[in-house]
Amino acid sequence: GAQITFDYSGPLRRVTLQRGEAHFTVMKDSQRPFVVEASGVEVRAVGTAFSVQRGASTVEVIVTEGRVAVVPERSDPT
């Protein structure tokens with residue numbers, strides 16, 4: 001039941017998880033980091049394997065190999 005969109009056209013390999021859970025195995029490319037966005041949370045990887053699950057009010061990240069950086073949703077300063 002996962003729903004994703006992706007954009008590999010720019011300097012990032014970007015995936016947006018709109019619903020559900022997805023597992024990613026990422027090939028290392030330091031020039032084009034892999035980023036998954038879910039509910040305003042960004043998960044960034046260069047070469048690793050991980051899952052992202054988007055719930056109604058939470059985002060869960062499970063790393064099965066390597067490391068990822070998780071950036072929480074930023075609040076609007078206005």
Side-chain angles (χ1 to χ4, degrees):
Q3 183 177 5
I4 65 171
T5 58
F6 60 92
D7 179 5
Y8 289 0
S9 63
L12 298 175
R13 297 172 284 169
R14 179 176 292 279
V15 174
T16 302
L17 180 60
Q18 297 168 331
R19 178 179 73 207
E21 179 179 4
H23 184 267
F24 304 95
T25 301
V26 182
M27 292 186 65
K28 187 172 184 168
D29 184 348
S30 60
Q31 300 301 309
R32 295 187 68 220
F34 186 87
V35 176
V36 177
E37 189 275 328
S39 295
V41 176
E42 283 192 358
V43 181
R44 181 179 295 249
V46 176
T48 192
F50 62 99
S51 294
V52 178
Q53 181 176 8
R54 179 178 175 172
S57 61
T58 62
V59 174
E60 183 175 314
V61 179
I62 300 171
V63 180
T64 55
E65 180 181 324
R67 296 184 315 183
V68 299
V70 178
V71 180
E73 183 175 17
R74 297 184 186 127
S75 59
D76 189 358
T78 57

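The analysis underlying the following values was restricted to heavy atoms, covering all of them including side chains, and did not include hydrogens, waters or symmetry mates.
- Smallest separation of non-hydrogen atoms from Arg13 and Arg32: NE-O, 2.7 Å.
- For the pair Thr5 and Gln18, the minimum side-chain heavy-atom distance is below 4.5 Å.
- Of all heavy-atom pairs spanning Pro11 and Pro33, the tightest one is O-CD, 3.8 Å.
- For Thr58, the side-chain hydrogen bond (donor to acceptor under 3.5 Å, both in side chains) test picks out no residue, with sequence neighbours left out.
- Contact of the Val61 side chain with the Val63 side chain is registered, since non-hydrogen atoms from C-beta on lie closer than 4.5 Å.
- Minimum heavy-atom separation, Val59 to Ser39: CG2-CB, 3.8 Å.
- Here Ser57 pairs with nothing under the side chain to side chain contact (heavy atoms under 4.5 Å, CB included) rule; sequence neighbours left out.
- The distance from atom CD of Glu60 to atom CD of Gln53, rounded to the nearest 0.5 Å, is 5.5 Å.
- Residues satisfying the ring-ring contact (aromatic ring centres under 6.0 Å, His included) test with Phe24, not counting sequence neighbours, are Phe34, Phe50.
- Taking Ile, Leu, Val, Met, Phe, Trp and Tyr as hydrophobic and joining them when side-chain heavy atoms fall under 4.5 Å apart, one finds Val35 in a cluster with Leu12.
- Using a cut-off of 4.0 Å between Lys/Arg side-chain N and Asp/Glu carboxylate O, Arg54 and Glu37 are scored as not salt-bridged.
- Listed by chain and number, the residues in a side-chain hydrogen bond (donor to acceptor under 3.5 Å, both in side chains) with Thr25 amount to none (sequence neighbours excluded).
- The number of heavy-atom neighbours closer than 6.0 Å to OH of Tyr8, taken from other residues, nucleotides and ligands shown, is above 12.
- The two residues Gly1 and Arg19 come nearest to each other via the heavy atoms O-NE, 3.1 Å.
- Side-chain heavy atoms closer than 4.5 Å link hydrophobic residues (I, L, V, M, F, W, Y) into clusters, and following such links, even through other members, never connects Ile62 to Val70.
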